[in-house]
2 protein chains.
Amino acid sequence: MIAVHCGAGHYSSKSLKDYKLLSKRACKKGMAVIESGGTAVQAVNEAIIVLENDPLTNAGFGSNLTLEGNIECDASVMNGENLLFGACGAVKKVKNPISLAYDIYKRQLLPLPLGLVSPQLVVGSGALMHAKKAGLKVVKQHKLISKKALKCHIKYKSILESIHSGNEDTNEIYLTEVSAESSYSNRNDTVGAVCIDEKGHVAAGCSSGGLVLKRSGRVGQAAHYGAGVWADSFTNDRPKIAVCTTGCGEQIVQTLLAKTIAEDLILEKVCPTVDLHNCLTDKFIRSRFLTRSHVSKLGGALALRADVTKAEVSLLWGHTTSSLAVGYMKKGEKPHSQISILPDKAQEGHSVIVSGAEFYMDST
Amino acid sequence: MIAVHCGAGHYSSKSLKDYKLLSKRACKKGMAVIESGGTAVQAVNEAIIVLENDPLTNAGFGSNLTLEGNIECDASVMNGENLLFGACGAVKKVKNPISLAYDIYKRQLLPLPLGLVSPQLVVGSGALMHAKKAGLKVVKQHKLISKKALKCHIKYKSILESIHSGNEDTNEIYLTEVSAESSYSNRNDTVGAVCIDEKGHVAAGCSSGGLVLKRSGRVGQAAHYGAGVWADSFTNDRPKIAVCTTGCGEQIVQTLLAKTIAEDLILEKVCPTVDLHNCLTDKFIRSRFLTRSHVSKLGGALALRADVTKAEVSLLWGHTTSSLAVGYMKKGEKPHSQISILPDKAQEGHSVIVSGAEFYMDST
């Protein structure tokens, strides 16, 4: 079983079909890895490459531009089998940041001389150097900029400059417009994938171009341990969990959201669906760590929970943003995809919607 | 009350006096802030600047060099009053990385237009740009390199090159030598400070030059949320806790050690001293997240716990490394300092030693 999402945000109605198709394509690519005997962490890497290469998503090609007009990406992967994590942050020119995160993860499996320790998080120019040495595809900066992302950058940068120049009349018009469009949620955040393989091991990965007009060097949740992804199938004595999160990076880091969700889902206080809903409500929207946050709490998560004793797999997704495109695929079946939409009455950033699907383990 | 440490590691016997004097100087500087009506987070910043500027420590001037021979620093600060966190990672040329982390923290207090979110973690060249804009002192790279750090870099790099060249005889000699000296613990890691101010608010900060021969772009625990520092005095209904950690960065990130210690100290299962000992034993040395780690579990922590209902402040420090230099100072008193040493029988990386001191709140 593999599942992906295209980022918690606001999808335009005309793009819904494209998001559904993209989700399916990413699932197929990941499932091909599993069907050829690969592992969950390999499948997650391959599925996210598909998402990164598509300009629809805010990851890899098509990422949001920084304030200075560059592309700087974050990505991470965690393998539940060994609990190892690899991440890259604020990296330029790397075509597939998830593959760099995956390479950083893999190198931790090899012991180093002198008691040296392999890094878990590599950033900036050092990350680019690592990618080149690892033989990953490096492209010119402009090759990662999509027309849509550039248009968005130009638009919001001009609004920002107008505000800074103190033209209040302009501000009012722009701010009303921006408020209606919700600058953040309009450009979907972090994409991600979760997977359980034939051996029952889970993995999670995510990749992000970061927030609109982010500062150069800013690292978001997609590169933060415990925030962007979590995966744990280390022992058989408890449920196996893989989680990837999406939304406003700083809020997700402050709530260490992926790890927090995983811990709540392992406990199974009520049932996975209710537990995810409660977690996103109590530990994200109402989190005391976000009291100072001046903006709406925008986040989402995709989670896979496998209960070996009951031979049940729960796939869950929830978000406070207006939409989340999700795709999933069982071995030997066609991929499914759907767009989860926050109800009309619910206010973005203040309400949570959770959906899910249940499967038996022998057919995942 | 302010307390500092100079990094968990192995101090040479001839340097013990210097570490004690340095700890006292840092405490005095931090306490001067408190005595002039400043806050805990301001005091932590000032105390750590003293530690960074001294070549004895692996932070700021005197930091370990990367594999390529550069200085790249990590630092972070957390204010328990508002639970906000600021950090910089893999930053070059900034004289005082802690002040950059502090600036990144402070900017989160100001709302931005367009619903933009201030970054929590800024890295690499973007972090350097941020420092310049903030008017922080930027120096030439070589100005941060101490003679001792350069000597250490040359020595271990030549050993590494010898290993890579496959000269096994050389390996054996060197590895024995390195094993005896313990390359990591020989160059003390992350320095830190914790403080409680007149209003009863706590803060924690840390700063690090990272591991010997670290990869360019590697970000360690000193810049990771939940790993290097934790501070929480958000509400009066539970103990106020500030923690800073030190040791092998990747291990401390994987165990989110500062947050983990804070959570255990808040609960007070037995007493703060035993709780810290148990936490470092069960959730660090024996952590399932470190099962794959090929090296000893090297870590330490300095923690402050203030129980308002009992008007008690506990100051605690513990480590698995051979030594930890600690200093602390109450308002209106002289600073104290001491070197905590792992007993002869105990094996570095496998045993924990914890010490502490108790105070009444009205005199902190």
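The chains referred to below are lettered A, B, ... by the order of the sequence lines, with proteins before strands, and numbering in each begins at 1.
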Heavy-atom contact with chain A under 4.5 Å, split by part of B:Ser296: neither
Separation between CZ of A:Arg215 and NE2 of B:His130, rounded to the nearest 0.5 Å: 8.0 Å
Minimal non-hydrogen separation, A:Leu114 against B:Tyr156, with atom names: CD1-O, 3.8 Å
Residue B:Lys259 versus chain A: region with a heavy atom under 4.5 Å: side chain
Top of B:Gly249, B:Ser125, B:Gly124, B:Pro119 for chain A proximity - count of heavy-atom pairs under 4.5 angstrom: B:Pro119
B:Gln108 side chain near A:Arg292 side chain, heavy-atom distance below 4.5 Å: no
Close contacts, residues 70-80 of chain B versus chain A, judged by heavy atoms under 4.5 Å: B:Met78
CZ on A:Phe289 to CG on B:Asp232, rounded to 0.5 Å: 5.5 Å
Chain A contact via B:Arg218 - which portion, at a heavy-atom distance below 4.5 Å: both
When B:Leu213, B:Thr291, B:Leu290, B:Leu109 are compared by non-hydrogen pairs under 4.5 Å with chain A, the top option: B:Leu109
Heavy-atom contacts under 4.5 Å, residues 82-89 of chain A to chain B: A:Asn82, A:Leu83, A:Leu84
Contact origin within A:Arg288 toward chain B - heavy atom pairs under 4.5 Å: both
Minimum heavy-atom distance between B:Ser118 and A:Glu250, given as atom pair plus value: O-CG, 3.4 Å
Proximity breakdown for B:Gln251 and chain A, heavy-atom pairs closer than 4.5 Å: neither
Interface moiety of B:Leu128 toward chain A, non-hydrogen atoms closer than 4.5 Å: neither
Side chains of A:Leu160 and B:Leu116 in contact at under 4.5 Å (non-hydrogen atoms): yes
Chain B contact via A:Leu112 - which portion, at a heavy-atom distance below 4.5 Å: neither
For the student: nearest non-hydrogen atoms of B:Ser216 and A:Val122, plus distance: O-CG1, 3.7 Å
